[in-house]
Amino acid sequence: MVETLFSPLTLGGTEIPNRVMVSPMCQYSSPEGLATDWHLVHLGSRAVGGAGLVMTEATAVTPAGRISPQDLGIWSDEHADALAPVAEFVRSQGSVPAIQLAHAGRKASTRRPWEGGGPVPLDEGGWETVAPSETPYPRDGDEQPTRKLDRGDLEDLVADFADAAERALDAGFEVAEIHAAHGYLLHEFLSPVANARTDEYGGSFRNRTRLLREVTSAVRSVWPDEKPVFVRISATDWIDGEPSWDVEQSARLAPLLAEAGADLVDVSSGGISPAQDVPHAGPGYQLPYAEVIREHVREESADVAVATVGGITSPEQAQEIVRNDRADAVLMAREFLRSPYWPLHAAPELGEDDAVDWPVQYRRAVSE
Ligand SMILES: Cc1cc2nc3c(=O)[nH]c(=O)nc-3n(C[C@H](O)[C@H](O)[C@H](O)COP(=O)(O)O)c2cc1C
């Protein structure tokens, strides 16, 4: 059967009503990590707009896991309570509420983009970052030292992800995505660019992937079977000439993530180092990676869906990806900032007028 962009996607026991998903996007607008009306309106409007799934931005599992001091977090019940109305509203619109659980590792403690990025010094409210090794993220002479996590810290970290997932469940989220991409902590463990450890968490492929496999299993153990777990990875570091993370390792990882309990691998790329060389970031630039990974999981008969993200903007382009079975779903970020009601407009453009319901409150806009 040929699937289309607006065919439902069932993962675990959860039916996602269509395959257009709102990609996680940091808003850098959370006092003390708490969600505000901004999150309700921002994520709520994309649910009103007909997205099948709406995902929160990177939501830190500990305060030190925030990218900026203004990042969203879920390290206490108070944080979960602040997020609950967002999950409830998204669900009330027929969309699936998802949360991205994250730790920023050695890229934490930075200023938000519109305040220039770059490290926040300790005496200005910044904090000590943590990483697989002592190597800081290269910042042109402005590096912050970073602390190497010891074995006890790693046990705590796995528990932090599981605790965050339990709170997310209480808050009403139906999908938990583990953020293991973009050069943040879990990706730092995967990539030899940032991981120089010589213990069971560094060196071989098996060792570098250990922490992510442990985190995935721990989240799965508290997340009900019928609710999907996603893992976002960077398929490649875009670094040649030195040991790095690449698409072959990503393909090898995907079935292991399935074994650890993941239902979907969300394929992004890059972020581990400013030395990355991205040849082009045009339309669908990360799709070829998703395709390689998807082919491999099929060869291995691994039960895991694969989604693509990056440079997807037009209904025809998104439809072509799903129709031609190149990925199971598409995530879109910037296009959803430009056009929060994208699915409501895309469906009729693709000749599927009834695929997405306009909210009853808005029906006069289309029926008169
Ligand atoms: C404002 C903004 C914030 C973002 N924040 C996150 C984030 O919190 N977590 C994440 O995994 N990716 C984040 N991204 C990356 C997007 O989810 C997406 O992967 C990337 O923008 C490529 O998709 P696009 O071409 O549809 O924008 C962010 C992107 C933007 C534009």
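Worth knowing before you read on, the calculation uses all heavy atoms, side chains too, and leaves out hydrogens, waters and symmetry mates. Treat the numbers as computed from the prediction; the structure is a model and nothing was measured. First listed ligand is number 1; within each ligand, the first listed atom is number 1.
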Does any donor atom in the side chain of Thr236 or Ser269 lie under 3.5 Å from an acceptor atom in the other side chain?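 Absent: no donor and acceptor within the cut-off.
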
Give the atom numbers and elements of ligand 1 that come within less than 4.0 Å of a heavy atom of [X].
X      : result
Met332 : 26 (O)
Ser23  : 16 (C), 17 (O), 18 (C), 19 (O)
His182 : 10 (C), 11 (O), 12 (N)
Val309 : 18 (C), 19 (O), 23 (O)
Gly311 : 24 (P), 25 (O)

For [atom], what is the nearest protein heavy atom, given as residue, atom name and distance?
atom                    : value
atom 21 (O) of ligand 1 : Ala333 CB, 3.5 Å
atom 22 (C) of ligand 1 : Gly310 CA, 3.8 Å
atom 27 (O) of ligand 1 : Arg334 NE, 2.6 Å
atom 2 (C) of ligand 1  : Met25 CG, 3.7 Å
atom 7 (C) of ligand 1  : Pro24 O, 3.4 Å
atom 1 (C) of ligand 1  : Cys26 O, 4.0 Å
atom 12 (N) of ligand 1 : Arg232 NH1, 3.2 Å
atom 9 (N) of ligand 1  : Gln100 OE1, 2.8 Å

Would you check if Thr56 and His42 make a side-chain contact, meaning some heavy-atom pair closer than 4.5 Å? no

So, is Glu335 polar-close to ligand 1, with some N/O to N/O distance under 3.5 Å? no

Apply ring pair (Phe, Tyr, Trp, His ring centres under 6.0 Å) to Tyr28 and list each qualifying residue two or more places apart in sequence or on a separate chain.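 Tyr28 satisfies ring pair (Phe, Tyr, Trp, His ring centres under 6.0 Å) with Trp114 once adjacent residues are dropped.
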
Residue list, ring pair (Phe, Tyr, Trp, His ring centres under 6.0 Å) with His79, at least two apart or on another chain: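 With neighbours one apart ignored, the set is Trp75.
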
Heavy-atom count check: over 12 atoms from other residues, nucleotides or ligands less than 6.0 Å from Arg338 CZ? yes

Donor-acceptor pair, Gln317 side chain versus Gly311 backbone, under 3.5 Å?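 Yes, the answer is positive, given that a donor and an acceptor are paired below the 3.5 Å cut-off.
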
Residue pair Ile233 / Ala181: nearest heavy atoms and the distance that separates them: C-CB, 3.4 Å

Check the orientation of Tyr341 and Tyr362. Use parallel for under 30°, tilted for 30 to 60°, and perpendicular for over 60°.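 Judged by the thresholds at 30° and 60°, the geometry between Tyr341 and Tyr362 is tilted.
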
Salt-bridged, Asp325 to Arg298, with N to O below 4.0 Å? yes

